[in-house]
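Inspection log for the structure reproduced underneath, given as structure tokens.
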Amino acid sequence: QVQLVESGGGVVQPGRSLRLSCEASGFTFSYYGMHWVRQVPGKGLEWLSFISADGSEKSYAESVKGRFTISRDNSKNMVYLQMSSLRGEDTAEFYCARAGIRFPYLHYWGQGTLVTVSS
Amino acid sequence: DIQMTQSPSTLSASVGDRVSITCRASQSVSTWLAWYQQKPGKAPNLLIFKTSSLESGVPSRFSGGGSGTEFTLTISGLQPDDFATYYCQQYKISPYTFGQGTKLEIK
């Protein structure tokens, strides 16, 4: 069965960087695009970033463009979110999600990893 | 960017009721719209993709419709397990924006 396991969350000071990881299993990873989504506690979902199956296409929400970078390693079944210049408003639960086979709806989701930006 | 607006933000209903949630897009997304269900403390789950295609395992009491800029999620015969927050999302063009969510509460 499809499994997505995020890691790398924790407490980080404002202005610092953090890299989130998402390990995928249960499907042919290199066939699927991947997303990152975040959710401030008690608030709604915010789509952040997408990377295509081969990594050649990437897109970002305006709110994180230039600060966050998505990448993937198909040999390791991993997708990453490198976050820099973190701010208090980046405090959220971060989810990775697998896209559909041909379309970028969010088919399967991980359980999330919490990032807290605080001094 | 395409803005997605859901209404209502909160909906109170009883077990057995038929309820509908509306999602409006600021420009046409054709039928590239998905619905997700999220329960407290859990990750969201895909319910419906391409406006009306039910994800495998989702009960048939859930249905979706619409096209262009107006969409609906309907739940016919609410069950206790359905009380949750629902989000629409357009995936026609990046950024793949979500609606703000509709919380379905027990009356």
Side-chain angles (χ1 to χ4, degrees), chain A residues 1-7 9 20 22 24 26-27 32-52 56-66 68 70 92-114, chain B residues 1-11 21 23 25-26 29-58 64 71 73 84-105:
Chain A
Q1 72 281 21
V2 173
Q3 273 201 308
L4 300 168
V5 180
E6 302 92 340
S7 61
L20 304 182
C22 172
F27 63 99
Y32 293 88
M34 297 293 294
H35 297 268
W36 284 97
V37 173
R38 70 182 175 186
Q39 185 171 36
V40 172
K43 302 298 183 183
L45 301 172
E46 181 186 13
W47 177 85
L48 295 180
S49 186
F50 172 79
I51 186 167
S52 61
S56 62
E57 298 176 25
K58 303 176 184 181
S59 59
Y60 299 92
E62 200 61 39
S63 59
V64 303
K65 198 176 292 184
F68 290 10
I70 194 171
E93 189 82 21
F94 284 73
Y95 297 99
C96 71
R98 196 201 82 178
I101 184 62
R102 291 198 307 276
F103 301 103
Y105 56 86
L106 282 67
H107 198 171
Y108 294 97
W109 297 64
Q111 287 307 298
T113 187
L114 181 63
Chain B
D1 297 359
I2 298 175
Q3 309 303 318
M4 307 300 292
T5 304
Q6 290 181 230
S7 59
S9 295
T10 306
L11 181 56
I21 298 169
C23 176
S26 61
V29 299
S30 183
T31 55
W32 304 115
L33 186 104
W35 290 95
Y36 305 87
Q37 177 193 66
Q38 187 179 32
K39 296 180 180 178
K42 300 292 188 182
N45 284 315
L46 175 69
L47 291 177
I48 288 172
F49 60 97
K50 206 169 186 304
T51 297
S52 59
S53 296
L54 221 57
E55 165 65 350
S56 175
V58 173
F71 302 87
L73 172 69
T85 300
Y86 294 86
Y87 296 91
C88 64
Q89 186 209 21
Q90 66 81 18
Y91 56 96
K92 180 178 188 291
I93 187 168
S94 177
Y96 302 123
T97 39
F98 288 95
Q100 82 278 16
T102 295
K103 185 175 183 180
L104 179 54
E105 298 180 328

- Criterion side chain to side chain contact (heavy atoms under 4.5 Å, CB included) on A/V37 and B/Y36, from CA distance to verdict: CA-CA 13 Å; A/V37 173; B/Y36 305 87; over 6 Å; no
- Query: Most heavy-atom pairs under 4.5 angstrom with chain A, which of B/Q89, B/Q100, B/K92?
  - Reply: B/Q89
- Message: Need one label for A/E93: side chain, backbone, both or neither, based on atoms under 4.5 Å from any heavy atom in chain B.
- Response: neither
- chain B: which of A/P104, A/G44, A/G100 shares the most heavy-atom pairs with it under 4.5 Å? A/P104
- Query: To the nearest 0.5 Å, what is the distance between OH (B/Y87) and CD (A/Q39)?
  - Reply: 4.5 Å
- Task: Could you label the plane-to-plane angle of the A/W47 and B/Y96 rings as parallel, tilted or perpendicular, counting under 30° as parallel and over 60° as perpendicular?
- Result: perpendicular
- Given side chains that start at C-beta, do those of B/Q38 and A/L45 come closer than 4.5 Å, heavy atoms only? yes
- Query: Among B/P40, B/A43, B/P44, which has the most heavy-atom pairs under 4.5 Å with chain A?
  - Reply: B/P44
- Task: Please flag which part of B/E55 lies under 4.5 Å from any non-hydrogen atom of chain A: side chain, backbone, both or neither.
- Result: side chain
- B/I93 CD1: over 12 foreign heavy atoms closer than 6.0 Å: no
- Item | Heavy-atom pair count under 4.5 Å with chain A, highest-scoring of B/A34, B/S94, B/G99, B/G101 | B/S94
- In this structure, CZ of A/F103 is separated from CH2 of B/W32 (nearest 0.5 Å) by 4.0 Å
- Item | Spacing of CG belonging to B/L33 relative to OH belonging to A/Y105, to within rounding of 0.5 Å | 13.0 Å
- Item | Enclosure of B/K39 NZ (heavy-atom neighbours >12, cutoff 6.0 Å) | yes
- Query: If you take all heavy atoms of B/L46 and A/L106, which pair is closest and at what distance?
  - Reply: CB-O, 3.7 Å
